[in-house]
Trainee: 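Have a look at this one.
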Number of protein chains: 2
Amino acid sequence: MPDSHYTDVRALHLFEAMDAGSFETLMRGSYVQNFPPQIELITEGEPSDFLHVVLSGAVDLFASWNGRETSMATVRPISTFILAATIKDAPYLMSARTLEKSRIALIPSQDVRAVFDTDNAFARAMVTELAHCYRSVVKAQKDLKLRSSLERLANYLLRQQARAGGAADFALNFEKRRLAAVLGMSPENLSRAFKGLKAYGVQVDGTQVTIRDPEDLARLAKPSPLIDDPTL
Amino acid sequence: MPDSHYTDVRALHLFEAMDAGSFETLMRGSYVQNFPPQIELITEGEPSDFLHVVLSGAVDLFASWNGRETSMATVRPISTFILAATIKDAPYLMSARTLEKSRIALIPSQDVRAVFDTDNAFARAMVTELAHCYRSVVKAQKDLKLRSSLERLANYLLRQQARAGGAADFALNFEKRRLAAVLGMSPENLSRAFKGLKAYGVQVDGTQVTIRDPEDLARLAKPSPLIDDPTL
DNA sequence: TGGCGGAGTTGACATGAATCAAGTTTCACA
DNA sequence: TGTGAAACTTGATTCATGTCAACTCCGCCA
């Protein structure tokens, strides 16, 4: 990994408090790579050789069984994934693929485990990171199990709007079939869901979305910080 | 907490490597309590005052939104729950209730955070525990999203059989309506699912289950270690 | 011992969402 | 600027599950 990337990675919460020597050890064996969209980065069941860090772009974590497949979570910068598998030295439970063009740091798992054993600050940062991952999955599961597809879309749009700075109109950052997968529904159903949201003042033109009356949409969406607040 | 409980708690992986003084600090403020079935221990949204440890019995983690409720995971001895909320000092994302008569240790969250800051062995143990919790939720989510209710029941029975030592017949440890909630289906549907499993050699008499031909049942259930192995 | 009540079952029906099969629009590229 | 492929939409149908209501079974105890 060229030195220019060191500072980017070092800025991540997971790495910022750790000892300089430990950090150097991790970086020596690691590298950063750019991936195009739709590349499968890891496959469930395989041993966890690398800790992955999404520096930019987005990664979809998904799982398969008996010929079926489902999206589990979306990882956005800047965070790690498969940290749990790495630290337990256990096989991946999920597969991962890039949703967009993404820049990803790969750090050998054995180095991570070695540094974890010696660097206390790193061990502590890892707790915070794992707790965050855990809570993200829980929130995603609540979104999925408690809401209908229409409600999931409504809340997704409100979250996107907030992320985009609160403007009445903003762009979807996925193509629609991808968004459907992320929201756990078929593309056909997403189409119908968008149509259903017209009644709540949502206009869609390609990837451009306009929310006429956020209050109205929120009455349907009923957003809850315990599901929708990414900082919690 | 009477001294007699100290050894039980100390035996847990999370607490076994930590400094004796730190352990003493945690135990001083904590207590063990027996709860009858169906008691709500914590409610989502509340601040995380205590780290809970299930010593015996079983606890259901569930979540609600907009009048709906869903079971998220079942916690069995010996493990903790809401560790992530405790360490982040963030509100609970899930509620918890006892499924059976349960013995639960309650450790003040602020003590846990204080000891976490000073005891390196404890911080490391916490990483393992959190990684385990994370992977448990992921497995539960896979079970739920990828399998039909019939398949979930079939796999549940095979897991129970393994837990009971592999004998052809064993007892369900829940009453059926409770089992239905755990498996994420209505009691009516569970009834139908059991009937559907007759064709695969499953006999049910009250809470007593007999699996005539595990091979046959496994052909339907298609158990996968990446979902069903509790040690992974 | 009769009858009350709760768990469990069963059948009829409603609903949400996936699937299938056409269409239609969009857009890159010749 | 035309054309083909891919993305998207739409309608019809199917499937899994939940819901509602009736009914059985069984134990308990007045």
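In the text below, chain A, chain B and the rest are named by the order of the sequence lines, each starting its count at 1. Remember, predicted model here, so these are calculated numbers, not experimental data. The figures here come from the full heavy-atom set of this structure, side chains too, leaving out hydrogens, waters and symmetry mates.
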Trainee: Please evaluate residues B:Ser109 and B:Asp49 with respect to the criterion side-chain hydrogen bond (donor to acceptor under 3.5 Å, both in side chains), reporting the C-alpha separation (whole Å), side-chain torsions for both, the decisive distance (0.1 Å), and the verdict.
Mentor: CA-CA 5 Å; B:Ser109 292; B:Asp49 296 328; over 6 Å; no

Trainee: What residue pairs, at least two apart or across chains, pass ring-ring contact (aromatic ring centres under 6.0 Å, His included) with a residue in residues 72-102 of chain B?
Mentor: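 Output for this query lists B:His52-B:Phe81.
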
Trainee: Does NZ or CZ of B:Arg219 fall inside the cone over B:Tyr200's six-membered ring, less than 6.0 Å from its centre and within 45° of the axis?
Mentor: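 Here B:Arg219 fails the 6.0 Å and 45° test against B:Tyr200.
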
Trainee: Provide, to the nearest angstrom, the distance between the NZ atom belonging to B:Lys145 and the C1' atom belonging to C:dA17.
Mentor: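 Spelled out: NZ on B:Lys145 to C1' on C:dA17 is 14 Å.
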
Trainee: When you check the gap from the basic side-chain N to the acidic O, do B:Asp228 and B:Lys222 get nearer than 4.0 Å?
Mentor: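 Looking at B:Asp228 and B:Lys222, the cut-off is not met.
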
Trainee: Using the 3.5 Å cut-off, write out each protein N or O paired with an N or O of nucleotides 24-27 of chain C and the distance between them.
Mentor:
none

Trainee: What's the CG-C1' distance between A:Leu146 and C:dG16, to the nearest Å?
Mentor: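 In whole Å, C:dG16 C1' lies 16 Å from A:Leu146 CG.
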
Trainee: Protein within reach of the bases, or only the backbone? For nucleotides 5-17 of chain D, mark each nucleotide 5' to 3' as B, S or -, using heavy atoms under 4.0 Å.
Mentor: --SSSBBB----S

Trainee: Is B:Arg103 positioned over the aromatic face of B:Phe35, cation under 6.0 angstrom from the ring centre and no more than 45 degrees off axis?
Mentor: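 No, a cation-pi geometry is absent between B:Arg103 and B:Phe35.
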
Trainee: What I want to find out is whether A:Arg159 reaches A:Asp229 closely enough, with some N-O distance under 4.0 Å, to be called a salt bridge.
Mentor: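 Salt bridge between A:Arg159 and A:Asp229, a charged N being under 4.0 Å from a carboxylate O: no.
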
Trainee: With no hydrogens and no angle check, do the side chains of B:Glu129 and B:Thr80 hold a donor and an acceptor under 3.5 Å apart?
Mentor: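 There is such a pair between these side chains.
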
Trainee: Pick from A:Glu40, A:Glu69, A:Glu44: which one makes a salt bridge (charged side-chain N to carboxylate O under 4.0 Å, His left out) with A:Arg97?
Mentor: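 With A:Arg97 as partner, salt bridge (charged side-chain N to carboxylate O under 4.0 Å, His left out) holds for just one option, A:Glu69.
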
Trainee: Rounded to the nearest angstrom, tell me the gap between atom CD in A:Glu151 and atom C1' in C:dT15.
Mentor: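 Checked: the CD to C1' distance equals 14 Å.
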
